[in-house]
Amino acid sequence: INNSAINTDDADSTVEVKAKDEARVINVAIGVGGAGNVAVQGASATTLINKETSAGINSTNIDAGHEGSTKANVTVDAQNSSKITSSADVAAAAGSGAGVGAGIAVNRSIQQTNAAVNGGTMNVNNLTVNANATPQITNIGVGVGVAGSGAGVTGSVAVNMIENNVTARIGSGATIVADGTVGVVATSDEQIANYAGQASVAGTGAAVGLSVSYNELTGNTTAIIDGDTTSVSASGGDALEVKDTVDDGAILDKFADEELFEAQDTLGNDRKVSEYNGVAVSASSTHAIKSFLVNGGVAGEGAAVNGTVNVNQIGGSTKAAITDADINTAGTAGDVNVIAHDYTNSAGLVGSASVAGVGAGVGLGSDTNTVSREVTAEVVGKTDSDGNAASVINAGAFNVEAEAQQGISSLTVGLGVGGIGAGVSNATSVALLKGKTTASVADVNITADSVDVLAKHGLSLIHISEPTRLGMIS
């Protein structure tokens, strides 16, 4: 709704602006090849989703001249979801010579979700500005390479990337007066699930397998009231329910076994309801990556060499803020809550096993998890010409809270067995944490019954790396 004037005269009046987009893609590639001498087969699956969903009320007055009248409930809501299901499966068999199978899957989802009230004057009962996004990628890859004599070779590469930006905003000089609650809510739930299995077999010769997976979640989730001429007041007569909290029990605290991978779902399913009265600015996001890669090779006589590499990377920010605006300068002052919550699970289960009856069995595994999230809850006011605080906030309870909870679980196994020869193995697990969690208040004149400013960061880190090697006669 743009550049309009709306007057309501019914106690049950509603003004709603809603935008919703759902995208579903299923992409399956299968390659099968066989030959007496040489069989080479490949499969490739590539998927891209790139979209923007927005809902807004701009430069629009709602009951602007009816401060004492029955008032409407106003909702601005943008919902954006996408789901990619991808599979690249390949099998190649050769009686003699080489059986070579390779699968490649590349999946990318880019989303922008916006909900906003910009400018205008509103006298309302409740106002909710809500933006929500839920992108997911599930990838499955299976490869088999078999050679009676010669080489059985398999390989798989999976790249899964989600870029997800979500913004809910009131700004540009908007003047809001509410009998109930004003909520500015941004939520996002992101998940990548990646599964790959490779098998290479050679009766005589070489069995070689390699699996590589790269998974990335990034994006910014922001809820904000801003603008030096923006004013938002809410008496808190009605409570707003927001699912912006996740139980500590949902954060990974044990190694990533098979049972965990079957049970672990998006953290968004573990959200709990919080209730707010007055003005609520809430940004919350969840991020989950689970990657399960198993690679096996068997050579009766010769060499069996298998390697598995997995990289999980999670970056971006979650931010809730009031910047330059005045809060609760009209009517009875309700509570003021500025809440930023961020929850992350990153799980990797990586295994390589190589067995050679006569010769060398080499199994290598590597799992790397990087988390770099910035979580910020802040209230920053404007200043006058002398540099003094000029923004005003009145509140019952005034609460600024930033919380980040992260769970990283990694199980890496490398197995190398040589019946007559050598068994060589290596398992490496790496975790890198670079996040920052901040809660702050600056340049604001606050009158409140209570003031709480809290920053909280929790981490659970479980790593198991197990190299096993066996050479019976070497």
Side-chain angles (χ1 to χ4, degrees), residues 1 6-18 55 57 60-77 115-117 120-132 168-171 174-187 223-225 230-245 272-284 320-322 325-339 377 379 391-401 444-452:
I1 299 176
I6 298 173
N7 296 311
T8 65
D9 57 6
D10 192 310
D12 296 322
S13 294
T14 60
V15 178
E16 297 181 339
V17 179
K18 295 185 176 183
I57 298 178
T60 293
N61 297 331
I62 299 178
D63 291 330
H66 300 80
E67 290 86 350
S69 67
T70 299
K71 300 168 185 177
N73 291 305
V74 179
T75 301
V76 180
D77 184 73
V117 171
T121 298
M122 300 184 187
N123 289 292
V124 299
N125 185 29
N126 298 296
L127 169 63
T128 303
V129 181
N130 182 58
N132 172 257
R169 178 177 183 259
I170 295 176
T175 300
I176 312 295
V177 178
D179 290 340
T181 295
V182 174
V184 183
V185 181
T187 57
I224 189 168
I225 299 174
T230 298
S231 175
V232 177
S233 300
S235 299
D238 297 323
L240 174 67
E241 293 187 347
V242 180
K243 287 186 175 183
D244 62 0
T245 302
K272 293 171 50 181
V273 172
S274 302
E275 286 193 355
Y276 301 108
N277 296 84
V279 176
V281 182
S282 172
S284 61
I322 297 174
D326 293 320
I327 306 297
N328 287 337
T329 57
T332 302
D335 297 338
V336 176
N337 287 280
V338 180
I339 308 295
V379 178
S391 291
V392 174
I393 294 181
N394 300 310
F398 178 77
N399 180 36
V400 179
E401 179 181 295
V444 182
N445 297 307
I446 300 172
T447 302
D449 296 335
S450 63
V451 175
D452 292 291

Please report the C-alpha distance between I170 and L127 in whole Å, then the side-chain angles of each, then the deciding distance to 0.1 Å, and finally whether the side-chain contact (heavy atoms from CB on, under 4.5 Å) criterion is met.
-> CA-CA 10 Å; I170 295 176; L127 169 63; 3.9 Å; yes
Write down the atom of [X], the atom of [Y], and the distance for their closest heavy-atom approach.
X    : Y    : result
N394 : T329 : ND2-CA, 4.1 Å
G180 : A234 : O-CB, 3.5 Å
A239 : E275 : CB-OE1, 4.2 Å
E401 : A377 : O-CB, 3.3 Å
A283 : A223 : CB-N, 3.9 Å
A325 : I225 : CB-CG2, 3.8 Å

Would you indicate whether the side-chain heavy atoms of [Y] and [X] approach each other to under 4.5 Å?
X    : Y    : answer
T14  : T75  : no
V379 : I327 : no
V184 : V232 : no

Determine whether a donor-acceptor pair (N or O, by modelled atom type, separation under 3.5 Å) exists between the side chain of [X] and the backbone of [Y].
X    : Y    : value
N328 : G334 : yes
N125 : A72  : no
T245 : K272 : no

Calculate, to the nearest 0.5 Å, the distance between atoms [atom1] and [atom2] belonging to [X] and [Y] respectively.
X    : Y    : atom1 : atom2 : value
T230 : I176 : OG1   : CD1   : 8.5 Å
T187 : N132 : OG1   : CG    : 3.5 Å
I339 : S274 : CD1   : OG    : 7.5 Å

Give every residue pair that meets the salt bridge (charged side-chain N to carboxylate O under 4.0 Å, His left out) criterion with at least one member in residues 122-131, sequence neighbours excluded.
->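 Passing the test, one end in residues 122-131: no pairs.
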Can you run down the salt bridge (charged side-chain N to carboxylate O under 4.0 Å, His left out) pairs that involve residues 326-337, sequence neighbours left out, and say none if there aren't any?
->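 Listed by first then second residue: D326-K382.
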For M122, which of V117, V177, N61, D63 qualifies under side-chain contact (heavy atoms from CB on, under 4.5 Å)?
->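 Exactly one option meets the side-chain contact (heavy atoms from CB on, under 4.5 Å) with M122, and it is V117.
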For Y276, which of D244, V185, V281, N399 qualifies under side-chain contact (heavy atoms from CB on, under 4.5 Å)?
->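 Exactly one option meets the side-chain contact (heavy atoms from CB on, under 4.5 Å) with Y276, and it is D244.
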Under the side chain to side chain donor-acceptor pair (under 3.5 Å) test, residues paired with S391 that sit two or more places apart =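 By the side chain to side chain donor-acceptor pair (under 3.5 Å) rule, S391 matches no residue at all.
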Partners meeting side chain to side chain contact (heavy atoms under 4.5 Å, CB included) with [X] (sequence neighbours left out):
X    : answer
T175 : T121
A321 : I224, K319, T323, E378
N126 : N73, T181, D238

Show your working on side-chain contact (heavy atoms from CB on, under 4.5 Å) between I322 and V336 and close with a plain yes or no.
-> CA-CA 10 Å; I322 297 174; V336 176; 4.1 Å; yes
Go through the steps to decide whether V15 and I1 satisfy the test side-chain contact (heavy atoms from CB on, under 4.5 Å), and finish with yes or no.
-> CA-CA 10 Å; V15 178; I1 299 176; 4.2 Å; yes
